[in-house]
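I have placed the structure first, in the form of structure tokens, so that the comments after it can refer back to it.
In listed order, ligands and their atoms are each counted from 1. Scope of the values below: all heavy atoms of this structure, side chains included, with no hydrogens, waters or symmetry mates. Note that the numbering runs from 1 along the sequence shown for the chain.
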Amino acid sequence: MYDAQQHNILNKLLDRYQKQPPQLNVEVFRDFNTRLSANFGIITELYQSLYGHRNDHPKYFLELIDVLFKAFQQRHPSLRNQDKSREKDPHWLLNQKWVGMMLYPEHFAKDLSGFSEKLDYLQELGVNWVHLMPLLMSPSNESDGGYAVSDYRKVDPKFGSMAQIRTLAKKFRDRDMLLTLDLVLNHTSDEHEWAKKAKKGDKQYQDYYYIFPDRQIPDQFETSMPEIFPVSAPGNFTYVESLEKWVMTVFHQYQWDLNYRNPQVLCEMIDVLLFLANQGVDLLRLDAPAFLWKEMGTSCQNLPKAHQILKLMKRCAEVVAPGVKFIAEAIVAPLEIMKYFGEHPDDHECEIAYHAPLMALIWEAIATGEARLLNKVIQNLPQKPWGTTWINYARCHDDIGLGFDDIYIYELGLDAKLHRAYILDYYTGKFEGSPAKGAPFMFNPKNGDARISGTLASLSGLETALKSKSKQAIEDAIKKITLVHSIIMSFGGLPLIYSGDEIGLLNDYSYLKDPAKAYDNRWMHRPMMDWKAAEKRKKDRAVEKQIFSALQKLIAIRKESPEWADHNNTTLSYCENKHIFTYLRWNELGRKTLVMANFHSSVQYIKKDILYRHGFDMDRGVVDKFSGKAPTYLKELVAFQPFQFYWITNKKHYTPMVKGRKRPKSKK
Ligand code: OTU
């Protein structure tokens, strides 16, 4: 929209920037000009809605725009070029070629130079996108695994340096790989310079946080704020002796919540965001964005202003670094997660969000042997906006929260409370006969809530199976591990593997010996990468080889399946057997894959009719892309082995794989 006053401000700014050294060449400046002009109206509007009531808002607004220009000046030409080529190809992120892995640098390869030497391992598996877990400066004792940052511009020397990140990012670009780093937006460590100044009594920096002289306001907040870590960090405020004041600390006591009501905080954090973007990061994982805005009398999660902050950040990034995409790490109720994609067609917010409901429901389906709830919840999710995509994952460094709504459990005729209790019991050793080996995380006696810790392999029963030496149990566990990955590879979105799962690493109980970790059992599923075990991926019949090569194959097939690019082309399919989860992936060129996954430990059948219904070419035949064979039929039924899945496609679209690669066309 044209607004004379805004236009005036914009022109003045651009005139000034054009002359500001180091001067940019005409073409480069034009890009900035175009992007700022296109976004200026919406940036102004968002800014006003957040800070318009303050007298000082025009001053801070101009400071923010200056930050954008400075960051643009500093952006490396190769990154600017990449921005431009990504602008020309809005599909780039949706491509089926991307397969990710998240890993702790110090667990995987000690540090950044060690990591650079391990790229071949990732490429052998087929991984071309890496989320490096927090590596910025954070206190050496307790830091919530790096999610308490004490300096956003410095890499913790135990990992390396920022220069190494830039080199790594360059290496990634050369290999067509993507790099993700965290941006911990909601809080800093209490050892961050801002917090230190605040502790010393500096009023300006005290205003960077939520600090209160007594319990009056905190008590009011507490009446409506849930607790995130009720066992290890109860309550949402911490008394700080040296200050004789209460500080808002939603997560741990040493993680101080930033006060985004202060426009300086926003400006600082956008500066940090662009700084990280300028190191060559492709996808920024915005940590805990649901918590950005606090309002008394609310849960202080998912508030409209939190979305406005994210939208403002997105527009700023689009001016400076449009090639950089945002990942919303909003592990909240399914319908709330969807809002981080933006709610209106021209909203720009986060392009990517974690598909927490899919993740949690996969585990629910494994525990119950049924896909009914999985099917129901996913069916009821609205379509996400075009151009956005999910991260599909089975495990990550955090616990598994059963964050889906009770209503769907009731709709299945089940008691939600009992059902949730069953799932918890199944994974935490209380349900006799369950092979899963996990632990309850943050059991809250006030409401009976708990989440689940444990590695993918241990939750799938591998730990128990190996102990019992039962061949059958080991086989079942491997089948479950493969099944779970077959879903995250083929469901629309970006699959993200958790490091170690590709060789079935088990729970690691050594964290109990470290007092800085013992109170947080999420450490049990953050094992050190076991390179000796990884070597066994080359050894026939080894468990590691069975898992690794299965994943390798899943990945290779994914990359060869253009209908798996995420264009909102995942259609859940009706299936009469409650143990089987079915969906169709398709594209406009007539390519399709029908995914059918049996979550039960027994042989199952469904009517062959499903193949006709989806228009498969039954005369020329269909094939399962994973086994390379036709599905097993029993008269008019398709038969499934325990935990078997099919990736059915028309034979004419099928090229057999040789060692995970497409067979080269014969030169006839
Ligand atoms: C995120 O977590 C991180 O993934 C956790 O590792 C951090 O502890 C936390 O932020 C604080 O930085 O806020 O919106 O176990 O699922 O806290 C989701 C709970 C988050 C996590 C939750 C999550």
Please output the side-chain donor-acceptor pairs of residues 98-110 that fall under 3.5 Å, not counting sequence neighbours, one pair per line with the distance.
residue	atom	partner	partner atom	Å
Trp98	NE1	Trp92	O	2.9
Tyr104	OH	Arg526	NE	3.1
His107	ND1	Arg526	O	3.0

Q) Any idea which residues sit under 4.0 Å from ligand 1, heavy-atom distances? A)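 The answer is Asp144, Tyr147, His187, Ile228, Phe229, Phe251, Gln255, Arg285, Asp287, Ala288, Phe291, Glu329, Ile331, His397, Asp398, Asp399, Phe441, Arg451, Arg522, counting any residue whose heavy atom sits under 4.0 Å from ligand 1.
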Q) Is there any salt bridge (Lys or Arg N to Asp or Glu O under 4.0 Å) pair reaching into residues 374-390, and which pairs are they, with sequence neighbours excluded? A)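 Residue pairs with at least one partner in residues 374-390: Lys376-Glu411, Lys384-Asp566.
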Side-chain contact test, heavy atoms from C-beta onward, threshold under 4.5 Å: evaluate it for [X] versus [Y] and give yes or no.
{"X": "Val130", "Y": "Phe115", "answer": "yes"}
{"X": "Thr249", "Y": "His187", "answer": "no"}
{"X": "Lys480", "Y": "Pro435", "answer": "yes"}

Q.
Tell me every residue that passes ring-ring contact (aromatic ring centres under 6.0 Å, His included) with Tyr147, counting only those two or more places apart in sequence or in another chain.
A. His397
